[in-house]
Amino acid sequence: MEPRKSSAISKLYERSPAERREAVAAWAGLEPIEASALDDCGLSANDAELMIENVIGRFALPMGVATNFLINGRDYLIPLVIEEPSVVAACSYAAKLIRAGGGIVASSDESIMTGQVQLLDIPNIETAAASITSHQETLLRRANETATNIVARGGGATGLETRVFADTPAGAMLVAHLHFDTRDAMGANAINTALEHIAPALEEISGGRANLRILSNLSDRRMARARGTIPVDALGTAELCGHGVGEAIVEASVLAEIDPYRAATHNKGIMNGIDALMMATGNDWRAVEAGAHAYAARHGSYTSLSSWRQDEQGNLTGHIELPLALGIVGGATRVHRGAKAALKILAVESARELAQVAAAVGLAQNLGALRALATEGIQRGHMRMHARQIALAAGAEPDILQDVVQTMIREGRIRPERAKALVRESERRL
Ligand code: MEV
């Protein structure tokens with residue numbers, strides 16, 4: 001097998017977008033037509049028309065690439081689509097720190113989606129539940145009738161459960177849960193079709209009436225997790241020793257574990273990375289968001305999706321776990337050339353592998369945010385990015401860009417007029 005190249009590409013940020021695109025295309029072996037999808041927003045007007053209703057146009061966002069990711073011993077460049085500055089840089093930097101500790105170890109479950117059929121007006125709810133359980137084999141066979149392709153690939157219905165809600169404002173109800181392995185698809189269509197197909201049989205068996213037949217976004221049988229350690233020596237800054245930085249990160253982590261107000265922001269930072277990967281790969285980021293937050297509240301109180309602890313030497317270990325129902329086939333990946341190119345850059349071979357990468361990105365993003373918050377605060381990084389944008393808009397070429405940015409930051413004057421004046425001055429000097 002050809003050895004994969006390292007994703008620790010230094011100073012990618014110093015190149016132009018075209019040079020970066022060329023480097024990434026070469027790294028990932030993209031054909032010119034595939035690489036062009038990164039430049040022309042990856043979606044033709046005709047394809048857009050096939051995706052949703054009443055199309056009036058297309059809407060572009062920047063795609064960046066996060067470097068330095070080493071996951072399960074394999075290098076990945078991670079395409080991220082996001083409007084927020086600093087996310088790509090923070091993620092790449094954090095991945096570099098974890099790389100110094102041997103990289104991220106990630107795992108994921110089989111692609112088991114769970115769907116619900118809500119049954120009401122049942123004469124005897126306990127008898128109905130028992131009867132559904134005893135008809136399990138027939139019901140699973142029936143569910144599989146709708147998914148011959150998935151079944152041929154080793155997927156399909158894997159189990160059926162019942163949950164009784166005896167006393168609700170809408171009366172007693174029984175909910176049947178169908179578990180369904182959707183393989184490399186996110187699988188919303190597959191499971192929803194199967195649920196609608198078995199609902200009449202469930203009505204017959206229970207003597208009730210089926211109302212909702214829909215997947216659950218709390219796909220807690222489709223979990224992914226990632227873990228990484230940063231050696232204490234890699235954690236320090238010019239002002240703070242590694243031990244102190246690690247300690248401050250643990251303190252921040254603990255607050256997110258015990259306080260929903262902080263947990264919401266902590267998890268938002270995690271989802272900055274995961275959502276950006278979902279957007280890049282054409283995945284349903286609302287589904288992933290819904291699952292992540294429902295999982296974070298699973299014990300009745302909202303908490304963090306990750307946690308960070310130090311060992312006695314001060315090395316810092318982080319862990320993340322969340323449901324990730326992702327696909328690498330079907331959905332938007334079928335039409336969107338940009339998403340196809342992103343998947344080729346990732347070179348993931350399965351939806352499960354993509355879930356591992358997403359968990360790793362969430363962990364790295366979280367580390368990047370916590371490290372910044374626990375040291376210089378996040379505003380300095382944002383200011384640098386803001387200054388860079390102003391300098392670029394003022395016409396600063398790559399050879400003077402850093403000088404213009406640094407001068408504006410030093411002076412505390414990050415303004416278009418100042419950037420233009422500095423560009424003019426530099427041009428006069430050249
Ligand atoms: C900003 O988009 C995300 C952060 O607020 C996350 C965090 O506070 O952990 C920086």
Side-chain angles (χ1 to χ4, degrees), residues 13 61-66 68-69 78-98 104 225-230 235 237 239-240 244-280 285-286 288-293 295-297 301-310 316-322 324 358-389 414:
Y13 58 88
L61 283 173
M63 179 189 279
V65 69
N68 299 322
F69 273 84
I78 316 270
L80 298 173
V81 168
I82 189 161
E83 87 297 346
E84 184 174 328
S86 304
V87 167
V88 177
C91 198
S92 303
Y93 184 69
K96 186 173 172 181
L97 294 182
I98 307 179
I104 296 171
R225 43 203 86 74
R227 175 180 294 278
T229 295
I230 306 99
L235 272 174
T237 66
E239 289 88 29
L240 283 166
V245 173
E247 207 163 48
I249 290 175
V250 171
E251 289 163 357
S253 170
V254 169
L255 179 59
E257 290 160 36
I258 59 173
D259 174 23
Y261 283 92
R262 174 57 204 157
T265 323
H266 178 101
N267 291 345
K268 190 273 182 182
I270 290 171
M271 300 314 288
N272 273 347
I274 295 180
D275 283 346
L277 177 62
M278 299 303 96
M279 297 272 284
W285 52 270
R286 285 90 53 216
V288 171
E289 281 277 339
H293 298 298
Y295 183 72
S301 161
Y302 188 86
T303 185
S304 57
L305 293 166
S306 70
S307 73
W308 294 89
R309 292 292 183 269
Q310 268 179 313
L316 181 72
T317 296
H319 174 255
I320 188 171
E321 185 169 35
L322 74 164
L324 281 165
V361 168
L363 185 73
Q365 196 64 53
N366 185 222
L367 173 66
L370 295 186
R371 185 179 176 281
L373 288 166
T375 56
E376 61 179 21
I378 58 162
Q379 283 313 90
R380 199 181 321 167
H382 279 176
M383 279 303 134
R384 239 183 338 256
M385 195 67 195
H386 179 57
R388 193 167 175 274
Q389 283 162 352
I414 307 175

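One-based numbering, in listed order, for ligands and for the atoms of each. These numbers come from the heavy atoms of this one structure, side chains and all, not from hydrogens, waters or symmetry mates.
Taking atom 3 (C) of ligand 1 as the reference point, the nearest protein heavy-atom neighbour is Asn272 ND2, 3.6 Å. Considering only non-hydrogen protein atoms, atom 7 (C) of ligand 1 sits nearest to Arg262 NH2, 3.4 Å. Distance from atom 5 (O) of ligand 1 to its nearest protein heavy atom, with residue and atom name: Thr265 CG2, 3.5 Å.
Looking at Leu255 and His266, their side chains never come closer than 4.5 Å, going by heavy atoms from C-beta outward. Using a 4.5 Å heavy-atom cutoff, the side chains of Tyr295 and Asn267 are not in contact. For the pair Ile274/Leu322, a side-chain contact is recorded, criterion being any heavy-atom separation below 4.5 Å from C-beta on.
Residue Leu373 has at least one heavy-atom neighbour below 4.0 Å for each of these atoms of ligand 1: 7 (C), 8 (O), 9 (O). Close contacts of ligand 1 with Lys268, meaning ligand atoms under 4.0 Å from a residue heavy atom, involve 1 (C), 2 (O).
Partners of Glu247 by side-chain hydrogen bond (donor to acceptor under 3.5 Å, both in side chains), not counting sequence neighbours: none found.
Counting heavy atoms under 4.0 Å from ligand 1, residue Gln365 does not touch it at all. Within the 4.0 Å heavy-atom criterion, neither part of Asn366 lies near ligand 1.
Residues in residues 250-267 take part in these salt bridge (Lys or Arg N to Asp or Glu O under 4.0 Å) pairs, two or more places apart or across chains: Glu257-Arg309.
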Criterion side chain to side chain contact (heavy atoms under 4.5 Å, CB included) on Gln365 and Ile270, from CA distance to verdict: CA-CA 6 Å; Gln365 196 64 53; Ile270 290 171; 5.8 Å; no

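Looking at ligand 1, you'll find an N or O of Glu84 within less than 3.5 Å of one of its N or O atoms.
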